[in-house]
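Structure, as structure tokens:
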Protein chains: 2
Amino acid sequence: MLGVWRLQLLREVQRRGSIRAAAEAVNITPSAISQQLAILEQEAGVELLEKSGRQVRLTEAALRLVRHTDAITGAIAAAEADVASLRNTVAGTLRVAAFPTAARAVMPPVMTALSRLHPDLRVTLRDLEADESLTALQMDEIDIAIVDDYGDGSRVPVQGLDVCEFMRDPIYLAATGPSAQGQATAGPPRPARLDEFSHAFWIMDTDNSHLSQVTRRACRAAGFEPHIRSSCRDFSVIIALVEAGRGVGVLPGLALLDRPVRADVRPIVPPLTRRISSVVRPERRHHPMVVSALAELERFGASYVPPLTVPAAPGE
Amino acid sequence: MLGVWRLQLLREVQRRGSIRAAAEAVNITPSAISQQLAILEQEAGVELLEKSGRQVRLTEAALRLVRHTDAITGAIAAAEADVASLRNTVAGTLRVAAFPTAARAVMPPVMTALSRLHPDLRVTLRDLEADESLTALQMDEIDIAIVDDYGDGSRVPVQGLDVCEFMRDPIYLAATGPSAQGQATAGPPRPARLDEFSHAFWIMDTDNSHLSQVTRRACRAAGFEPHIRSSCRDFSVIIALVEAGRGVGVLPGLALLDRPVRADVRPIVPPLTRRISSVVRPERRHHPMVVSALAELERFGASYVPPLTVPAAPGE
DNA sequence: GAGGGAGGTCAAGTTCAGCTTCCTCGCCGG
DNA sequence: CCGGCGAGGAAGCTGAACTTGACCTCCCTC
């Protein structure tokens with residue numbers, strides 16, 4: 001009978017591309033993997049590896065075994081989830097990955113709520129971009145991925161995974177100085193049209209981030225190409241730059257939860273929003289840890305009041 | 001992650017009903033099973049066994065795990081079958097169980113043909129009655145079960161197994177002495193009507209065998225209750241008794257393949273036939289060993305000429 | 001084209017999971 | 001009430017799986 005552990009090692013070699021990388025991933029020496037795969041070749045009666053330069057490449061038979069491995073470990077995970085759902089107490093270690101803003105603004109309250117509900121539940125958090133967390137999910141390194149997308153079709157196709165949107169996060173425009181208007185009014189701020197800032201300097205997220213791409217597209221739709229002055233990965237840096245009057249920037253609502261921003265922050269018209277979703281493997285969908293966490297995320301999303309809201313037009 | 005071996009041990013305990021029986025089945029000590037199940041309880045975080053007198057009983061959670069175990073081992077078996085189908089040479093050990101007559105008349109030629117085709121293939125044979133071999137199949141003790149049924153609905157319901165009828169075996173009536181008629185003619189023997197033997201003594205298979213039940217039902221349909229004189233499990237004993245003139249008996253065609261019978265052997269009208277089928281687990285259905293064996297059984301069935309045939313009516 | 005580093009594998013030593021042995025305990029039946 | 005049967009715990013043993021420290025090959029670089 002084929003050893004499950006050996007199959008998992010083979011799968012890891014396939015995913016990481018080399019024995020060395022797989023060995024590092026599972027924290028053993030390359031030699032151990034080499035030996036285990038030699039045994040697996042005996043068990044299967046088939047060649048699994050062929051040399052390709054100084055690397056190894058998986059044979060056709062090995063690729064088939066990898067596909068079967070997913071089914072096997074999936075069945076085991078389903079068994080674990082099923083038996084865990086019989087326990088009255090939710091316990092264990094739940095591994096979550098969230099994109100940076102959610103890791104900072106969403107997960108802390110969710111984690112405290114979870115640990116209050118289930119004292120024996122441990123939650124570990126990694127901050128990964130959406131695509132990174134999805135591959136981590138497929139590699140079974142995490143249980144829940146929290147991802148964002150801007151509804152522009154840029155979302156990674158996630159076949160075989162359960163996706164659930166649990167909140168929407170509006171995007172705001174932040175500005176100070178001469179280009180800031182409506183700052184002094186006490187009432188709700190006047191929504192901003194992007195073309196008001198066609199001549200401003202823009203402080204953007206990094207170029208390859210979804211938000212900056214969406215923003216640029218929106219600016220073009222508003223009839224201008226934004227003058228990008230700075231690109232920085234961290235929203236708190238953007239906030240600081242905007243506060244210092246170095247330009248205007250767009251910020252998702254979650255980035256504003258941390259601290260008050262000494263700038264003019266206004267909704268954008270037409271509204272710009274991102275969707276925030278949880279992604280889980282289907283075999284773990286009903287694991288009590290996962291169920292609790294998703295419920296808590298849902299609760300967070302439902303009670304989430306974006307820092308600023310567009311006032312409803314009268315008569316609407 | 002739940003250990004597959006531990007899950008298999010749990011399943012064995014569920015099937016055999018006790019730790020001791022399971023231990024004997026897998027050839028380890030009861031203590032080892034006890035230890036492994038204790039570890040499995042830790043892994044699952046659930047109680048699996050509860051004492052019931054001096055035995056143990058599985059909890060609800062344990063029963064669920066057993067159901068999952070079937071899925072898991074099925075997935076592993078499917079992987080093995082898939083990778084084995086990539087090998088050009090058929091090798092390994094094929095475990096077959098057949099009901100006694102088939103074990104004597106069908107399997108020997110099939111096994112020699114298989115070993116001629118695939119020198120590296122080992123075939124082991126057990127003789128089990130149909131229902132026994134089906135449970136053995138479900139316990140994964142054998143790869144192929146060869147079963148017979150008389151089309152009277154007595155076949156055990158085999159859910160989740162692949163059944164394939166590969167031959168039919170007619171039932172004959174054997175008689176000597178005054179009740180034997182048509183013995184001397186050189187041509188094909190005249191078919192026998194059962195009611196010709198309503199006053200004869202009958203030598204039957206054991207009472208609980210399918211054949212004797214079907215025969216008794218057929219006799220009643222012919223308008224009489226057979227006088228059963230002897231019941232013996234082995235067809236060769238029945239043949240010997242019939243040859244000694246102790247009565248008449250019914251014999252399946254396969255039982256006549258071994259040796260010539262010094263008696264009057266004639267087909268029965270209306271014809272009595274049994275179906276002979278192979279049964280395999282679906283995940284092994286396409287394993288090359290299984291495919292070869294089923295093909296060889298099919299070939300045997302196609303070339304099987306029952307010892308005596310009913311002459312076709314003229315014009316038919 | 002020689003040197004060196006990276007990736008893989010082999011042989012020997014080490015560690016620990018899983019087994020056996022031996023024992024105890026609790027339950028049932030004679 | 002006692003003998004036996006089934007379950008399970010403690011201690012020791014075996015082998016599978018891993019590490020260590022070689023070596024080998026291929027490629028890249030100088």
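Below, chain A is the first sequence line, B the second, and so on; all start at residue 1. A quick note: this is a predicted structure, and the numbers were derived from the prediction, not measured.
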- Measure across B:Gly17 and B:Gln55 and return the closest heavy-atom pair with its distance rounded to 0.1 Å. O-NE2, 3.8 Å

- Message: Looking at B:Glu43, I want to see if its CD is surrounded by more than 12 non-hydrogen atoms of other residues, nucleotides or ligands under 6.0 Å.
- Response: yes

- Message: Suppose we screen for salt bridge (Lys or Arg N to Asp or Glu O under 4.0 Å). Which residues come up paired with A:Asp143, at least two apart in sequence or across chains?
- Response: A:Arg95, A:Arg284

Donor-acceptor pairs are to be reported for all side-chain atoms of residues 9-16 of chain A against protein atoms at under 3.5 Å, with residues two or more places apart or in another chain.
{"residue": "A:Arg11", "atom": "NH1", "partner": "A:Asp70", "partner atom": "OD1", "Å": "2.8"}
{"residue": "A:Arg11", "atom": "NH1", "partner": "A:Thr73", "partner atom": "OG1", "Å": "3.1"}
{"residue": "A:Glu12", "atom": "OE2", "partner": "A:Arg16", "partner atom": "NE", "Å": "3.0"}
{"residue": "A:Glu12", "atom": "OE2", "partner": "A:Arg16", "partner atom": "NH2", "Å": "3.1"}
{"residue": "A:Arg15", "atom": "NH1", "partner": "A:Gln138", "partner atom": "O", "Å": "3.3"}
{"residue": "A:Arg15", "atom": "NH2", "partner": "A:Asp70", "partner atom": "OD1", "Å": "3.4"}
{"residue": "A:Arg15", "atom": "NH2", "partner": "A:Gln138", "partner atom": "O", "Å": "3.0"}
{"residue": "A:Arg16", "atom": "NH2", "partner": "A:Glu141", "partner atom": "OE2", "Å": "2.6"}

- Message: Using a strict heavy-atom distance below 4.0 Å, which residues from residues 54-68 of chain B are in contact with DNA chain D?
- Response: B:Arg54, B:Gln55, B:Val56

- Who passes salt bridge (Lys or Arg N to Asp or Glu O under 4.0 Å) against B:Arg116, sequence neighbours left out? none

- Message: Among residues at least two apart in sequence or on other chains, which ones pass side chain to side chain donor-acceptor pair (under 3.5 Å) with A:Ser34?
- Response: none

- Heavy-atom closest pair, residues A:Ala61 and A:Val46: CB-CG1, 3.4 Å

- Item | Euclidean distance, A:Glu47 CD relative to A:Glu60 CD, rounded to 0.5 Å | 14.5 Å

Side chains of residues 35-42 of chain B: which donor-acceptor partners sit under 3.5 Å, not counting sequence neighbours?
{"residue": "B:Gln35", "atom": "NE2", "partner": "B:Ser31", "partner atom": "OG", "Å": "3.1"}
{"residue": "B:Gln36", "atom": "OE1", "partner": "B:Arg6", "partner atom": "NH1", "Å": "2.7"}
{"residue": "B:Glu41", "atom": "OE2", "partner": "B:Leu48", "partner atom": "N", "Å": "2.7"}
{"residue": "B:Glu41", "atom": "OE2", "partner": "B:Leu49", "partner atom": "N", "Å": "3.3"}

- Item | Heavy-atom side-chain contact between A:Glu129 and A:Pro100 under 4.5 Å | yes

- Item | Side chains of A:Leu294 and A:Ile144 in contact at under 4.5 Å (non-hydrogen atoms) | yes

- Quick one, which residues of residues 25-33 of chain A touch DNA chain D with a heavy atom under 4.0 Å? A:Asn27, A:Ile28, A:Thr29, A:Ser31, A:Ala32

- Query: In residues 35-48 of chain A, what residues come within less than 4.0 Å of DNA chain C, judged by heavy atoms?
  - Reply: A:Gln35

- Query: Given B:Val163, which of B:Val279, B:Val147, B:Asp149 fulfils the side-chain contact (heavy atoms from CB on, under 4.5 Å) condition?
  - Reply: B:Val279

- Between CE of A:Met1 and P of D:dA16 the distance, given in whole Å, is 16 Å

- In sequence, state the C-alpha distance, the side-chain angles, and the governing distance for B:Ile146 and B:Met107, and then conclude on side chain to side chain contact (heavy atoms under 4.5 Å, CB included). CA-CA 10 Å; B:Ile146 296 175; B:Met107 287 309 297; 3.4 Å; yes

- Message: At a heavy-atom distance below 4.0 Å, what parts of residues 12-24 of chain A sit against DNA chain C?
- Response: A:Ser18, A:Ile19, A:Arg20

- So, is A:Trp5 near the phosphate of D:dC18, with a side-chain N or O under 4.0 Å from OP1 or OP2? yes

- Query: Around atom CZ of B:Arg87, are there more than 12 heavy atoms of other residues, nucleotides or ligands at under 6.0 Å?
  - Reply: yes

- Query: Quick one: do the B:His68 and A:Asp82 side chains pair a donor with an acceptor below 3.5 Å?
  - Reply: yes

- Give the rounded distance in Å between these two atoms: CD of B:Glu50 and P of D:dA7. 14 Å

- Could you tell me which residues satisfy salt bridge (Lys or Arg N to Asp or Glu O under 4.0 Å) with A:Arg281, sequence neighbours excluded, listed by chain and number? A:Asp140, A:Glu283

- Message: Tell me whether the side-chain N/O atoms of B:Lys51 come closer than 4.0 Å to OP1 or OP2 in D:dG8.
- Response: yes

- Message: Distance under 4.0 Å to a non-hydrogen atom of chain A counts as contact; along DNA chain C, which nucleotides mark the start and end?
- Response: C:dG5 to C:dA11

- Task: Mind checking the CG-CG spacing from B:Leu137 to B:Leu161? Nearest 0.5 Å is all I need.
- Result: 5.0 Å

- Task: To the nearest 0.5 Å, tell me how far A:Ile142 CD1 sits from A:Thr135 OG1.
- Result: 8.0 Å

- Angle of first-five versus last-five pair axes in the helix from C:dG1-D:dC30 to C:dG30-D:dC1, to 10 degrees: 20°

